[in-house]
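Notes follow the structure.
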Amino acid sequence: MGRVQFVGQPLRRPWKPAWSRACFGLCIQSIERRGKWILLNLTSDRCLIVHLGMTGRLLVADRRTQRPAHTHLLFDLPSDRQEMRFIDPRRFGSVTLSTQTERNRFLGRAGLGPEPWQLADREWRQALRRSRRSLKAILLDQRIVAGLGNIYADESLHQARLSPLLRGCDVTQAQARRLRLAILNVLERAIQLHGSTIRNFYYGESETGDYQKEFRVYDRADQPCRRCRSTIHCMRLAGRSTHFCPQCQMKPKVDQRTS
DNA sequence: ACAGGATCCTGGGGGC
DNA sequence: TGCCCCCAGGATCCTG
């Protein structure tokens, strides 16, 4: 990696000028992902920790092409024609440089839960059982399961036929399993379709995801449920818009546990 | 422990 | 058409 330039406006975690110098001459050795964090492992024991936030993008492009609006960071690549660009209109994202030790400490502090497909049935059940919070809040909590955002939380709950209001401690063994499998199902399908593009993004390359075409509840308030034809509701829960079908995601009225 | 709110930010959409 | 205002989201901090 050659010259590194900060050309934009401050990001959520400010890029320090010293990092540009520190990156010079380093190579990207491997790329990992943990939850919503992208880890670019560099030579010399360094790491670029990237979060895309809402609208962030990491693109490799010909250096001579016009930089899209809201380009904040440029990393010259070994090919003398290419550069890696960090673009982020809303600047909810961030890029930071750290040592591997700092990287591990950072991830440790974040306390990220397992990736969804590494979630053991028993471990998941116990995590739900010990929480009195709503399922929606639990799914958004990166410390319990890493990687779910608002869209996939809502879609997973609908597929599992569970109310977002249901408390973790009230979920039965069968329901917990259904939810875990629904999360896997929703994520696998979304990845297959390259994610969800909600609104037309006005910047950068034009490819879009297609999962939004398969939304069952998200962004479908007042429209009929595709399973039971009832009207999809939208409410605020855990600080986020929460879409659900009050008919087929009904909250059980009676606590059926044998105490 | 947990809920809820505010914060950061921008473009799009609705209302007038 | 052109304002103004609100909304969306992820992480994080603060208050109740």
Side-chain angles (χ1 to χ4, degrees), chain A residues 6-15 33-39 49-58 67-73 86-96 98 103 105-113 115-116 126-157 163-171 183 186-187 190 195-204 206 208-209 211-212 215 217-223 232-244 251:
Chain A
F6 181 79
V7 295
Q9 292 171 278
L11 301 171
R12 173 143 180 74
R13 293 159 194 272
W15 176 263
R33 181 195 54 74
R34 234 345 235 125
K36 298 174 186 172
W37 299 92
I38 298 168
L39 309 162
I49 304 176
V50 181
H51 198 297
L52 299 178
M54 275 294 297
T55 52
R57 308 185 91 190
L58 211 46
R67 291 167 190 153
H70 310 291
T71 300
H72 302 291
L73 274 165
F86 182 75
I87 305 150
D88 188 6
R90 292 194 194 169
R91 292 191 275 140
F92 270 31
S94 64
V95 184
T96 53
S98 71
R103 173 206 115 133
R105 206 182 309 149
F106 173 80
L107 291 175
R109 266 201 308 272
L112 296 179
E115 298 290 321
Q126 285 172 348
L128 293 184
R129 190 175 299 168
R130 78 172 81 96
S131 175
R132 296 175 60 80
R133 305 161 75 192
S134 67
L135 286 181
K136 177 62 183 266
I138 292 171
L139 291 186
L140 290 179
D141 188 341
Q142 304 298 303
R143 295 169 301 182
I144 295 172
V145 56
L148 281 179
N150 202 36
I151 293 173
Y152 301 117
D154 282 4
E155 291 297 320
S156 298
L157 285 165
S163 166
L165 290 159
L166 188 62
R167 292 185 305 176
C169 57
D170 291 334
V171 168
I183 292 168
V186 163
L187 289 180
S196 313
T197 302
I198 314 289
R199 287 160 192 96
N200 289 332
F201 288 110
Y202 41 84
Y203 55 82
S206 56
T208 58
Y211 190 69
Q212 70 281 2
F215 283 170
V217 284
Y218 186 81
D219 212 20
R220 295 195 67 244
D222 302 324
Q223 295 180 48
I232 302 297
H233 284 212
C234 181
M235 67 177 295
R236 273 197 101 70
L237 184 58
R240 289 287 166 262
S241 62
T242 300
H243 309 75
F244 65 103
K251 187 180 173 186

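These values consider heavy atoms only, across backbone and side chains, with no hydrogens, waters or symmetry-generated copies.
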[X]: side-chain contact (heavy atoms from CB on, under 4.5 Å) partners, not counting sequence neighbours:
X: A/L58; result: A/L40, A/V50, A/M84, A/F86
X: A/Q126; result: A/R122, A/R130
X: A/R34; result: A/L39, A/L107, A/L112, A/E115, A/A146

Just jot down the ring-ring contact (aromatic ring centres under 6.0 Å, His included) partners of [X], sequence neighbours excluded, or say none.
X: A/H233; answer: none
X: A/Y152; answer: A/Y211
X: A/H243; answer: A/Y218

Rounding to a whole Å, what distance do you find between [X]:[atom1] and [N]:[atom2]?
X: A/D219; N: C/dA8; atom1: CG; atom2: C1'; answer: 9 Å
X: A/E155; N: C/dG9; atom1: CD; atom2: P; answer: 12 Å
X: A/H70; N: B/dG12; atom1: NE2; atom2: C1'; answer: 13 Å
X: A/L140; N: C/dA8; atom1: CG; atom2: C1'; answer: 14 Å
X: A/M54; N: B/dG11; atom1: CE; atom2: C1'; answer: 11 Å

**Report entry** Expected output: side-chain A/T71 to main-chain A/I87 donor-acceptor under 3.5 Å
**Finding:**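 Here the side-chain-to-backbone pair does not exist.
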
Report task. Quick one: list whatever passes salt bridge (Lys or Arg N to Asp or Glu O under 4.0 Å) with A/R105, sequence neighbours left out. Result ->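 With neighbours one apart ignored, the set is empty.
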
**Report entry** Residues forming a salt bridge (Lys or Arg N to Asp or Glu O under 4.0 Å) with A/R240, sequence neighbours excluded
**Finding:**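 If we apply the salt bridge (Lys or Arg N to Asp or Glu O under 4.0 Å) test to A/R240, skipping adjacent residues, there are no hits.
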
Query raised in the report: For C/dG10, does OP1 or OP2 lie under 4.0 Å from any side-chain N or O of A/Y152?
Result: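 Looking at the OP1 and OP2 atoms of C/dG10, neither is under 4.0 Å from any side-chain N or O of A/Y152.
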
Query - Phosphate contact (C/dG9 OP1 or OP2) by A/S241 side-chain N/O below 4.0 Å - result: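 Affirmative; the distance criterion is met.
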
Query raised in the report: Base, sugar-phosphate, or nothing for A/R143, non-hydrogen atoms under 4.0 angstrom?
Result: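 No contact.
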
Query raised in the report: Reckon A/G149 touches a base, only the sugar-phosphate, or nothing at all at heavy-atom distances under 4.0 Å?
Result: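 Sugar-phosphate contact only - A/G149 comes under 4.0 Å of backbone atoms but never of a base.
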
Requested in this report: For the helix from B/dC2-C/dG16 to B/dC16-C/dG2, figure out the bend between the end axes, five pairs an end, and round to 10 degrees.
Outcome: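 The value is 60°.
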
Enumerate, atom names and distances included, each donor-acceptor pair closer than 3.5 Å involving a side-chain atom of residues 131-140 of chain A, sequence neighbours excluded.
residue: A/S131; atom: OG; partner: A/R133; partner atom: N; Å: 3.1
residue: A/R133; atom: NH1; partner: A/D141; partner atom: OD2; Å: 2.8
residue: A/S134; atom: OG; partner: A/A137; partner atom: N; Å: 3.2
residue: A/K136; atom: NZ; partner: A/N150; partner atom: OD1; Å: 2.7
residue: A/K136; atom: NZ; partner: A/D154; partner atom: OD1; Å: 2.7
residue: A/K136; atom: NZ; partner: A/S241; partner atom: O; Å: 3.3
residue: A/K136; atom: NZ; partner: A/T242; partner atom: OG1; Å: 2.9

Requested in this report: State, yes or no, whether a side-chain contact exists between A/E155 and A/V217 at a heavy-atom distance under 4.5 Å.
Outcome: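 Counting from C-beta outward, A/E155 and A/V217 do come under 4.5 Å.
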
Could you list the protein-to-nucleotides 6-9 of chain B atom pairs, N/O on both sides, closer than 3.5 Å?
residue: B/dC9; atom: O4'; partner: A/R90; partner atom: O; Å: 3.4
residue: B/dC9; atom: O3'; partner: A/R91; partner atom: NH2; Å: 3.0

What are the atom names and distances for every N/O pair under 3.5 Å that joins the protein to nucleotides 2-4 of chain B?
residue: B/dA3; atom: OP2; partner: A/R133; partner atom: NE; Å: 3.2

